[in-house]
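Note that this is a predicted model, so its numbers are computed, not measured.
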Amino acid sequence: MSEPLKRITINPRQCGGRPCIRGMRIRVSDVLDLFAAGLSAEEILEEMPDLEADDLKAALLYASRKLNHPVLVA
């Protein structure tokens, strides 16, 4: 596992087993939703002061890796 991805934790007893940032109850999807809403990294860090810039990078990398799979065409 790469260093940034070590910031992503999955605990079946936390947030329904969804991927979170560093064991906090801040889900990867929460970070992605804020980016999708148009917030900049700086604005997200202001909105969620427990996060660090590397957490945002880890969330994006995690999402990228999860979506990078071949699509089979029938």
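Annotation: the span from L34 atom CG to I26 atom CD1 amounts to 9.5 Å, rounded to 0.5 Å. From L56, atom CG reaches atom CD1 of I44 across 5.5 Å, with rounding to the nearest 0.5 Å. To the nearest 0.5 Å, atom OG1 of residue T9 and atom CD1 of residue I21 are 7.5 Å apart. Here the CG-SG distance, from D30 to C20, works out to 8.0 Å after rounding to the nearest 0.5 Å. If you take OG on S29 and CZ on R18, they are separated by 7.0 Å, rounding to the nearest 0.5 Å.
In this structure a side-chain-to-backbone donor-acceptor pair under 3.5 Å is missing from Q14 to N11.
Between K66 and H69, the shortest heavy-atom distance links the atoms O-CD2, 3.5 Å. Nearest heavy atoms, A58 versus R7: CB-CB, 4.0 Å. For R25 against C15, the heavy-atom pair with the smallest separation is NH1-N, 3.7 Å. Closest approach of I8 to P19, counting heavy atoms only: CG2-CB, 3.8 Å. Between V31 and A59, the shortest heavy-atom distance links the atoms CG1-CB, 3.9 Å.
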For this session: Start with the C-alpha gap between M24 and L51, add the side-chain angles, then the distance that decides, and say whether side-chain contact (heavy atoms from CB on, under 4.5 Å) holds.
Result: CA-CA 9 Å; M24 297 184 282; L51 292 179; 3.9 Å; yes
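Side-chain atoms of L32 and R27, non-hydrogen and from C-beta on, never get closer than 4.5 Å to each other. Looking at heavy atoms from C-beta onward, K6 lies out of side-chain contact with R22 at the 4.5 angstrom threshold. The side-chain heavy atoms of R65 and L5, taken from C-beta on, include a pair separated by under 4.5 Å. Between K57 and P4, every side-chain heavy-atom pair lies at or beyond the 4.5 Å cut-off. For the pair M48/D55, no side-chain contact is recorded, criterion being any heavy-atom separation below 4.5 Å from C-beta on.
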